[in-house]
Protein chains: 2
Amino acid sequence: MCCFEPSVSTGSGANRLRGLAQPMDIRQGRTVPIDPAKDFLVFVGSGTTKLIASASGGREQIVAFHFSGELVSVPVNAWHSYRLSALVQTEVLAFPAEDFLGIAVSEPVLQAELLRRTMTALHRCRDKAVGLGRKNAQERLASFLVGMADRIGIAEEGSCTLELPMSRRDIGDSLGLTIETVSRQFSELRMTGLIETSGRSRVLLRDIPALAERAGHV
Amino acid sequence: MCCFEPSVSTGSGANRLRGLAQPMDIRQGRTVPIDPAKDFLVFVGSGTTKLIASASGGREQIVAFHFSGELVSVPVNAWHSYRLSALVQTEVLAFPAEDFLGIAVSEPVLQAELLRRTMTALHRCRDKAVGLGRKNAQERLASFLVGMADRIGIAEEGSCTLELPMSRRDIGDSLGLTIETVSRQFSELRMTGLIETSGRSRVLLRDIPALAERAGHV
DNA sequence: CGTTAACTTGAATTAAGTCAACTGTCGTGG
DNA sequence: CCACGACAGTTGACTTAATTCAAGTTAACG
């Protein structure tokens with residue numbers, strides 16, 4: 001459970017935190033059931049989740065993916081309605097944000113960790129916004145792959161293997177593209193030899209610097 | 001200087017914070033000069049700023065606007081290069097993020113405020129990502145106007161006046177659109193009677209609920 | 001009052017979306 | 001272990017929203 005767990009499991013605030021949230025098992029494809037009346041902070045103990053925003057007209061945008069040990073802020077009073085959904089069998093702890101923050105005030109180390117994570121999420125979200133606002137389909141997919149390599153890639157000599165837990169639809173919903181466009185861009189990258197794929201979920205990144213170049217990362 | 005100033009100006013950490021940053025006056029159109037080797041936290045004392053990300057090919061995406069009393073996190077180790085630029089004559093305090101956070105650990109109230117603000121920024125950024133990923137030009141502009149009304153609008157009976165400090169280019173760079181498309185959408189909204197404009201910067205929002213509807217806010 | 005840069009409008013182009021048909025993968029049950 | 005069915009993914013042809021390029025207008029400042 002990564003670097004967050006120590007803060008949770010020690011100190012006087014830890015017991016108070018435990019009282020706030022029951023551990024929950026979320027089955028693949030299910031939404032984390034949270035009270036729609038307040039903001040939540042959800043800790044992903046194991047598994048993978050996606051944070052989905054719904055706009056009008058049934059359009060959905062995946063705002064972030066989360067892996068074991070990560071913490072997600074799920075807002076409720078926003079312009080769009082958000083929900084957190086499990087990509088695989090996932091264990092979570094869902095804390096009402098206000099209660100969590102109340103406890104964190106008296107636990108500076110916990111609060112500092114929370115702040116650090118929130119800033120990381122903010123910086124990721126900004127980089128994502130740049131991609132959505134100013135990049136073409138090819139750059140978006142390249143950027144996505146490089147980003148995933150960073151988080152869940154298994155490095156090999158000069159290359160990197162990815163086992164993607166999300167479907168092409170999820171990738172499209174994350175990149176602001178249709179499933180068809182994502183597919184075409186996969187084919188394109190395959191054609192140029194930058195990646196290889198096998199089955200639906202395995203991707204081999206053959207040259208990450210070249211992919212980052214193609215992603216338009218400055 | 002809003003609700004952040006009290007935290008800065010009282011307590012033992014306040015003096016330490018003051019030692020970290022000289023107040024700076026940034027002239028219209030100039031970039032806040034910060035050491036490109038480390039992350040910064042910039043407090044906007046008065047004025048307005050834009051946080052710009054540069055992707056390859058000279059493309060720019062404005063990631064956020066900031067008004068008096070707000071705090072901006074300017075990252076350096078990200079996929080894109082960021083800079084903070086003044087839309088009008090602006091006073092700022094620029095803190096090296098690491099130093100600021102070091103002091104904040106021993107000032108729970110300051111840290112809590114910082115956390116609260118960072119979460120607000122994250123939630124705004126997510127809503128923005130939804131717009132960039134899944135909305136058409138009309139919805140994006142409507143969303144922008146409603147958002148600005150929320151932050152700097154002068155409410156009147158049933159309507160709201162905006163004095164926009166940013167150009168059409170800035171709006172385009174913020175919405176992931178070209179200046180021409182922004183202009184056409186302004187005309188469109190004018191035509192349908194949802195807004196009136198006078199001069200380059202004044203906008204009258206005649207029906208905010210209708211605009212929010214058109215913005216695709218759920 | 002004149003100049004200049006910001007903004008607007010129009011016509012042609014293009015990247016991505018849509019619609020439709022086809023193919024491959026993977027889990028199930030014979 | 002293999003065959004089948006269902007669904008995920010791919011590919012192609014056509015459409016469309018937004019961009020690009022170009023030519024006016026208008027607002028703001030000296």
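All of these numbers come straight from a predicted model, not from anything done at the bench. Naming convention: chains lettered A, B, ... in sequence-line order (proteins, then strands); numbering from 1 in each chain.
Inter-axis angle, ends of the helix from dC1(C)-dG30(D) to dG30(C)-dC1(D), five pairs per end, rounded to 10 degrees: 50°.
Atom C1' of nucleotide dG9(D) and atom CG of Asp170(A) are separated by 13 Å, given to the nearest angstrom. Residue Gln138(B) contributes atom CD, which lies 12 Å from atom P of dA17(D) at whole-angstrom precision.
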| said: Does the protein touch nucleotides 19-30 of chain D at the base, only the backbone, or not at all? Give it as B, S and - per nucleotide, heavy atoms under 4.0 Å. | reply: BBB----BBS--
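Among the protein residues, Ser183(B) comes within range of the nucleic acid bases, having at least one heavy atom under 4.0 Å from a base atom.
Between Arg134(B) and Asp173(A) there is a salt bridge, since a side-chain N of the basic residue sits under 4.0 Å from a carboxylate O of the acidic one. Between Glu196(B) and Arg206(B), at least one side-chain nitrogen of the basic residue sits less than 4.0 Å from a carboxylate oxygen of the acidic one, meeting the salt-bridge criterion.
Taking a heavy-atom distance under 4.0 Å as the criterion, the stretch of DNA chain C touched by chain A extends 5' to 3' from dA16(C) to dC26(C).
Comparing Ser167(A) and Ala137(B) against DNA chain D, the residue whose closest nucleotide sits nearer the 5' end is Ser167(A). Comparing Met166(B) and Arg140(A), the nucleotide of DNA chain C nearest to each residue sits closer to the 5' end for Met166(B).
A side-chain contact (heavy atoms from CB on, under 4.5 Å) with Met24(B) is found for exactly one of Thr90(B), Val42(B), Val92(B), namely Val92(B).
Neither side chain, Thr48(B) nor His66(B), offers a donor N or O lying under 3.5 Å from an acceptor on the other. With no hydrogens or angles considered, a side-chain donor-acceptor pair links Gln185(A) and Gln138(A) at under 3.5 Å.
For Gln61(B), the side chain to side chain donor-acceptor pair (under 3.5 Å) test picks out no residue, with sequence neighbours left out. Listed by chain and residue number, nothing satisfies the side chain to side chain donor-acceptor pair (under 3.5 Å) test with Thr192(B) (two or more places apart in sequence, or in another chain). When the salt bridge (charged side-chain N to carboxylate O under 4.0 Å, His left out) test is applied to Glu163(A), the partners found at least two apart in sequence or on another chain are Arg202(A).
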| query | Checking side-chain hydrogen bond (donor to acceptor under 3.5 Å, both in side chains) for the pair Arg190(A)/Thr197(A): CA distance, chi angles, key distance, verdict? | reply | CA-CA 8 Å; Arg190(A) 225 181 283 122; Thr197(A) 59; 3.0 Å; yes
| task | Apply side-chain hydrogen bond (donor to acceptor under 3.5 Å, both in side chains) to Ser174(B) and Lys128(B), showing your working. | result | CA-CA 9 Å; Ser174(B) 170; Lys128(B) 178 179 200 108; 2.9 Å; yes
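Geometrically, Arg151(B) does not engage Phe67(B) in a cation-pi contact, judged by NZ or CZ lying under 6.0 Å from the ring centre and within 45° of the ring axis.
Distances shorter than 4.0 Å separate some side-chain N or O of Arg190(A) from OP1 or OP2 on dT10(D).
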